[in-house]
Amino acid sequence: MPEEEAFCVLVELMENYKMREFFKPSMRELSLNLYILSELIQEHIPELHTHFKAQGFHPTTYASQWFLTMFATVLPLNAVFRIMDIFLWEQTFDVIFQVGIALLKEGRSIMVNSDIEGMLSYFRTTVYSNYVGDEDKLVKEKPGPLNWIKKR
């Protein structure tokens, strides 16, 4: 893609998809979305939410980068492309929540038996390796993880 087109895509994402709100000094929109993610974890993966709370493991520790980079720091690039395609098609941040919850559900059995270091290690290495060679794993048809949250 030529530089000019790439810049136009960036402007579109920042302005019309409201991603700019994540990067403002107060980061209020990011904080709001991390709170929503925490509530979704409590609702859909209560045992993991309880463990996170007991460990003092807050979404800011592991999920801020999910919203800021669309998972580019934790997933293989081809998986990120799939997520970005869905985000652009759906035009909603629900995709980020859905992928986040799917990643947490997949790693639930490991994380509930881990301390903070173990959970951080899971996010740094295991998540990436789980999707190398199967980048479509998150976006496959039913019962794929992107189908579990009802549209609002």
### Message
Run the salt bridge (charged side-chain N to carboxylate O under 4.0 Å, His left out) test against Glu12 and tell me which residues pass, sequence neighbours left out.
### Response
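None.
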Identify the two heavy atoms, one from [X] and one from [Y], that lie closest to each other, and give their separation to 0.1 Å.
X      : Y      : answer
Leu30  : Ser64  : CD1-O, 4.1 Å
Asn33  : Glu29  : ND2-O, 2.8 Å
Val112 : His51  : O-CE1, 3.4 Å
Leu103 : Tyr122 : O-OH, 3.6 Å

### Query
Do Met70 and Tyr128 belong together in a cluster built from hydrophobic side chains that touch within less than 4.5 Å?
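The answer is no; the residues belong to distinct hydrophobic clusters.
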### Query
Would Leu40 and Tyr35 show up in the same hydrophobic cluster when neighbours are defined by side-chain heavy atoms closer than 4.5 Å?
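Different hydrophobic clusters.
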### Task
Dump the intermediate steps for side chain to side chain donor-acceptor pair (under 3.5 Å) on Glu106 and Asn130, then the final yes or no.
CA-CA 10 Å; Glu106 184 172 320; Asn130 283 346; 3.0 Å; yes
Donor-acceptor contact present, side-chain [X] to main-chain [Y], <3.5 Å:
X      : Y      : answer
Thr50  : Pro46  : yes
Thr69  : Trp66  : no
Ser121 : Glu117 : no

### Query
Quick check: are there more than 12 heavy atoms from other residues, nucleotides or ligands sitting under 6.0 Å from CZ of Phe23?
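Yes, enclosed.
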### Within 6.0 angstrom of Arg28 CZ, more than 12 heavy atoms from elsewhere
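No, the 6.0 Å shell around CZ holds no more than 12 heavy atoms from other groups.
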### Query
Hey, would you say the Phe71 and Phe81 ring centroids sit under 6.0 Å apart?
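Centroid distance Phe71-Phe81: not below 6.0 Å, so no.
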### Message
Tell me if the aromatic rings of Phe67 and Phe97 count as close, with their centers under 6.0 Å from one another.
### Response
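Between Phe97 and Phe67, which both carry aromatic rings, the centre distance is below 6.0 Å.
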Nearest-0.5 Å distance that lies between atom [atom1] in [X] and atom [atom2] in [Y]:
X      : Y      : atom1 : atom2 : result
Leu10  : Glu15  : CG    : CD    : 9.5 Å
Leu68  : Gln65  : CG    : CD    : 8.5 Å
Leu32  : Met27  : CG    : CE    : 13.5 Å
Ser114 : Ile110 : OG    : CD1   : 7.0 Å
Ile83  : Asn78  : CD1   : CG    : 11.0 Å

### Query
Parallel, tilted or perpendicular for Phe57 and Tyr62, by the 30°/60° rule?
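Aromatic pair Phe57/Tyr62 classed parallel.
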